[in-house]
Amino acid sequence: MNTNTPIELRSDTFTKPTPNMLTAMMNAAVGDDVFGEDPSINELEHFAAQMFGMEAALFCPSGTMTNQIAINVHTQPGDEVICEEGSHIYFYEGGGIGKNSGCQARLIRGNRGQITAAQIAEVINPDDVHRARTRLVSLENTCNRGGGSCYQMSELQAIRNLCDEHGLSLHLDGARLMNAIVAQNNDPLMYGKIFHSISLCLSKGLGAPVGSVLLGSKEFIKEARRVRKVMGGGMRQAGFLAAAASYALEHQVNRLAEDHAHAQVLGKTLASLNWVEAVLPVETNIVIFSIKAPTTVKQVSDYLLANNIRVSAMSATQIRMVTHLDVTPQMIDKVVEILGNYNK
Ligand SMILES: *Cc1c(COP(=O)(O)O)cnc(C)c1O
């Protein structure tokens, strides 16, 4: 590693295509996907749907779009969407729940981003003309603002059972779902059974440059395809991107375990430092820690940046580091060393 190479820990969205992924992209067969004629996109959609035991899939430009399309298809204007208060669909999608679908969010404060069936049961509105219709529950796994935490399968099943009792749809923002699947050694098919729709990002730790897939029933995806066009997400020869995404799903899933091991090293190092207040439990590739006053987030971030290490501020007191395929073991060693030298 050149010592001037920036160590990029702000997000796993910074990954660049590997040489083999670029070769797959260059060799992609393409066509007009709005006409359903891009073979590489059709192949990706088929592969992703099969992997989760879902009937159909839809390739989209971003995870924000797959989430927003799902909300739109599941709801009617005036409906209520239950989600966690720090969830991406509420916190980071520009007010899209209201703007795109005319729905309101019913927020629950979770534990590291996770909400329980019992908490959801409390906020399902009764059938009463005064109240908004509760229509959709949306969960996130892993939970970004929860420090990459993972739901237990038993809780997810309990939430699905509750949704069935009340006729609610259940969506999963699975931007980093493959991280949870690798960390817990779960079968993707189990997620396909529990959720009515799943959004999966290919452009995070999986390492594709662009794209997310939305999974669901044939009927759901047919409607989602219509909404994608309305939102301006119908792409033409995007098979070059789908080829990268297929490559990622076929070759870059198991290696996520390395990112998790790297995150563990960072978490343990941080927990031993006297200027660190606390580290959220590290379960996958995200490490969120808080800084002890009088040391500030800015001081720590600036110090790291001066050493070519890039991190992001998560709140007034918290910093986030995310590991990914472009972060090497040598880089982790360097981060550990630089962290240890702060305030010495
Ligand atoms: C990144 C992310 C998304 C989607 O983001 P895009 O940048 O629109 O692809 C959705 N949910 C979570 C939890 C994310 O981290």
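Both counts, for ligands and for their atoms, begin at 1 and track the order of listing.
Contact annotation for Asn67 and ligand 1: only side-chain heavy atoms (C-beta onward) come within less than 4.0 Å of the ligand.
Residue Thr64 has at least one N or O atom closer than 3.5 Å to an N or O atom of ligand 1. Polar contact check, Thr142 against ligand 1: no nitrogen or oxygen pair lies under 3.5 Å apart. Considering both main-chain and side-chain atoms, Asn144 never comes within under 3.5 Å of ligand 1 through any nitrogen or oxygen pair. Checking only distances, Arg176 does come within under 3.5 Å of ligand 1, N or O to N or O. Between Gly63 and ligand 1, a contact under 3.5 Å exists for at least one N or O pair.
Remark: the backbone N or O of Leu206 is paired with a side-chain donor or acceptor of Gln252 at under 3.5 angstrom. Checking side-chain atoms of Ser212 against main-chain N and O of Gly63 turns up a donor-acceptor pair under 3.5 Å.
Of the options Arg145, His88, Glu93, the smallest heavy-atom separation from atom 12 (C) of ligand 1 is shown by His88.
The nearest heavy-atom contact from the protein to atom 11 (N) of ligand 1 is Asp173 OD2, 2.6 Å. In terms of protein heavy-atom proximity, atom 14 (C) of ligand 1 is closest to Lys204 NZ, 2.8 Å.
In the vicinity of Glu140, heavy-atom distances shorter than 4.0 Å reach the ligand 1 atoms 13 (C). Of all the atoms in ligand 1, the ones that sit under 4.0 Å from a non-hydrogen atom of Ser62 are 8 (O), 9 (O).
Taking every heavy atom of both residues into account, Lys193 and Arg160 meet most closely at O-NH1, 3.4 Å. Nearest heavy atoms, Thr15 versus Gly207: OG1-CA, 3.5 Å.
Within a 6.0 Å sphere centred on CZ of Arg236, other residues, nucleotides and ligands contribute more than 12 heavy atoms. With a 6.0 Å radius and a threshold of 12 heavy atoms from other residues, nucleotides or ligands, Gln157 has its CD atom above the threshold.
Look at Lys204 and Asp12 and you find no salt bridge, because none of the NZ, NE, NH1 or NH2 atoms lies under 4.0 Å from a carboxylate O.
Applying salt bridge (Lys or Arg N to Asp or Glu O under 4.0 Å) to Asp79 and the options Arg131, Arg135, Arg106 leaves one that passes, Arg135.
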